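Since this is a predicted model, take the numbers as computed values, not measurements. Atom set for the values below is all heavy atoms of this structure, side chains included, hydrogens, waters and symmetry mates excluded.
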Amino acid sequence: MDLVSCVLLLGICFLLYILIQVIRFLKGDSDLSLQWAEYFGHTPESKLSGNVVWVTGSSSGIGEELCYQLAKLGCPLILSSRRENELLRVKQKCIEISRLEEQDILVLPLDLTDVSAHKEASVKALQHFGRIDVLVNNGGRSQRSLFVETNLDVYQGLIELNFLGTISITKHVLQHMIERKKGKIINISSVVGIVGAPLSTGYSASKHAVQGFFNSLRTELTDYPNILICNICPGPVQSKIVENAYTEERDKINIKADQSHKMTTGRCVRLILITIANNLKESWISEQPYLMICYLWQYAPTWAWWITEKIGKKRIENFKSGQDADFSYFTKRNT
C-alpha cells in the first residue's frame, strides 16, 4: 500500500471515529466522562458494597430509588426526610429486596431547615454505625413560578432548604470524614445549577450556590485526597419534585403533570452510582436537548444564551397552558 492510500485510510478511520463519537453524544444521556466511566470504569457493585450511606430526601423520587439500588448493593443505610412514615415504608422495601436486615437501616427523620437538629442527627448516625462513608445530599425542593409573581419568602425557603440545610448537615459529617481522612460527599444538584432557566429563578439560584460552595470547598480539602466532593446535575427526571415545587406562594403547592417523557428514576440513579464509584467530581445526567445546552453554556455561552431564550419562551407557554414546562421538547422525538 502506497503512502497516499495509507493517508486516505487513516483519514477515513478518523472521520468514522468522529462520527461514532457524535452519534454517541447525541444519543447519550450523560456527559462524555460519565459515558466513558459507564463503559470502561468501575462498577458500583465492585466499589460501593458495604459502604455506610446517608441519604437525605430518601422518602421519594431520586432519593427513594437510590436507597433501593444501594440496598441491593449491600450498603447499610441511613434514611432521612421529614416524613417518618414514608421512611419506614422505604426501609421495609429495602429489606424485602435485599439481604439487609433491620439493624442495617437506620430511619432518622430530619428537617433540613432545622439546622439546630443536625448535630444531634449526625451523632445518632455515628452511634448506630460507627462511621459514615458516603453522604448523599439529595433533600431539596424545586420551583415553578415567574419571578415577578412570586413572594420573596419562596426564595428564602429555597435557599434555607436547598443550600443552607445542605451545607449544615455536610459540616457535621465532614468533620468525621476529616478525622478518618476519607469519605464521599455527593450533592444532587441540577442542570439549572450550571445554566439558567425560566420558572426556576430561586431553585436555580440555590443550586448555583450549591455548585459554587462545594467547588470552593474542594479546594480547601487538598490535604485529604481521599475525601471526594462530587456535584451531580440531573436534568428532567421522573419524580415528585415538580408536584412538590414551590409556586408563587410558599405554602401553595398544586402542580400535576405527565412525566412519562422524562428520564426514568432508575436510569438516573444508576448513573449516579457509576459517578460515585468512579470518583468523578461532577457529572451531567440528562437526555437531549439539555445535555447539549450544558456543553454550550460551558464552551459557547453566546450560542447558549440564544438557544435558552428560544426554549425559555416555549417553557413559559407550556407552564401557563397547564402542561409540564419541559413537555414539548420530547413529544416529537417520542411519537
Side-chain angles (χ1 to χ4, degrees), residues 54-67 79-87 90 108-115 117-118 121 135-147 149-170 186-214 231-257 259 262-263 265 268-269 272 285-286 315 319 324-326:
W54 188 355
V55 182
T56 67
S58 53
S59 62
S60 65
I62 290 175
E64 180 179 351
E65 177 64 25
L66 192 56
C67 291
L79 311 183
S80 287
S81 77
R82 293 178 299 168
R83 299 174 296 171
E84 185 173 6
N85 61 324
E86 288 298 299
L87 293 177
V90 173
L108 191 59
L110 183 72
D111 184 348
L112 283 175
T113 63
D114 184 9
V115 296
H118 293 178
L135 170 64
V136 181
N137 288 313
N138 173 72
R141 203 162 172 180
S142 187
Q143 176 195 9
R144 286 295 186 274
S145 61
L146 294 168
F147 170 64
E149 300 173 354
T150 305
N151 293 343
L152 190 60
D153 62 350
V154 169
Y155 292 89
Q156 181 179 353
L158 287 164
I159 293 297
E160 287 177 351
L161 175 58
N162 295 352
F163 177 59
L164 294 177
T166 293
I167 67 173
S168 172
I169 202 71
T170 297
I186 313 301
N187 308 297
I188 307 302
S189 180
S190 168
V191 293
V192 299
I194 53 178
V195 307
L199 303 169
S200 301
T201 48
Y203 180 64
S204 180
S206 69
K207 292 302 184 178
H208 272 76
V210 167
Q211 295 277 127
F213 175 85
F214 283 100
N231 296 326
I232 298 176
C233 304
V237 175
Q238 294 174 10
S239 72
K240 292 185 178 180
I241 193 168
V242 175
E243 292 182 18
N244 296 325
Y246 282 122
T247 55
E248 296 84 0
E249 301 173 16
R250 189 163 177 170
D251 297 326
K252 180 183 176 183
I253 305 170
N254 186 25
I255 301 176
K256 299 288 184 181
Q259 298 193 57
K262 298 180 180 180
M263 179 185 289
T265 314
C268 177
V269 167
I272 288 172
I285 299 173
S286 182
R315 201 166 188 260
F319 174 73
D324 185 273
D326 306 314

Which heavy atom of [X] sits nearest a heavy atom of [Y], and at what distance?
X	Y	result
A121	L108	O-CD2, 3.3 Å
V237	K262	O-CD, 3.7 Å
S168	H118	OG-ND1, 2.7 Å
S239	I62	CB-N, 4.5 Å
S59	E86	CB-CB, 3.7 Å
T265	G61	CG2-O, 3.7 Å

Quick one: are [X] and [Y] in side-chain contact, heavy atoms under 4.5 Å?
X	Y	result
E248	L146	no
C268	E65	no
P236	S286	yes
L164	T113	no
L135	I186	no

Under the side chain to side chain contact (heavy atoms under 4.5 Å, CB included) test against W54, which residue among N138, L79, L110 passes?
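Among N138, L79, L110, the one meeting side chain to side chain contact (heavy atoms under 4.5 Å, CB included) with W54 is L110.
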Nearest 0.5 angstrom please: [X] [atom1] to [Y] [atom2], how far?
X	Y	atom1	atom2	result
I167	F214	CD1	CZ	7.5 Å
T166	L161	OG1	CG	7.0 Å
S81	L112	OG	CG	9.5 Å
I272	I232	CD1	CD1	5.0 Å
R82	L87	CZ	CG	11.0 Å

Compute whether any side-chain donor of one residue and acceptor of the other, for S189 and Q211, lie under 3.5 angstrom apart.
yes
Between T247 and S145, is any side-chain donor less than 3.5 angstrom from a side-chain acceptor?
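Result is no, nothing qualifies.
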Step by step, would you call T170 with N137 a side chain to side chain donor-acceptor pair (under 3.5 Å)?
CA-CA 8 Å; T170 297; N137 288 313; 2.9 Å; yes
Give a yes or no on whether the backbone of [Y] and the side-chain of [X] come within a donor-acceptor separation of less than 3.5 Å.
X	Y	value
R315	L199	no
K207	C233	no
S58	S80	yes

Suppose the criterion is side chain to side chain donor-acceptor pair (under 3.5 Å): which pairs have a residue in residues 196-206, not counting sequence neighbours?
Y155-T201, N162-S206, S204-H208
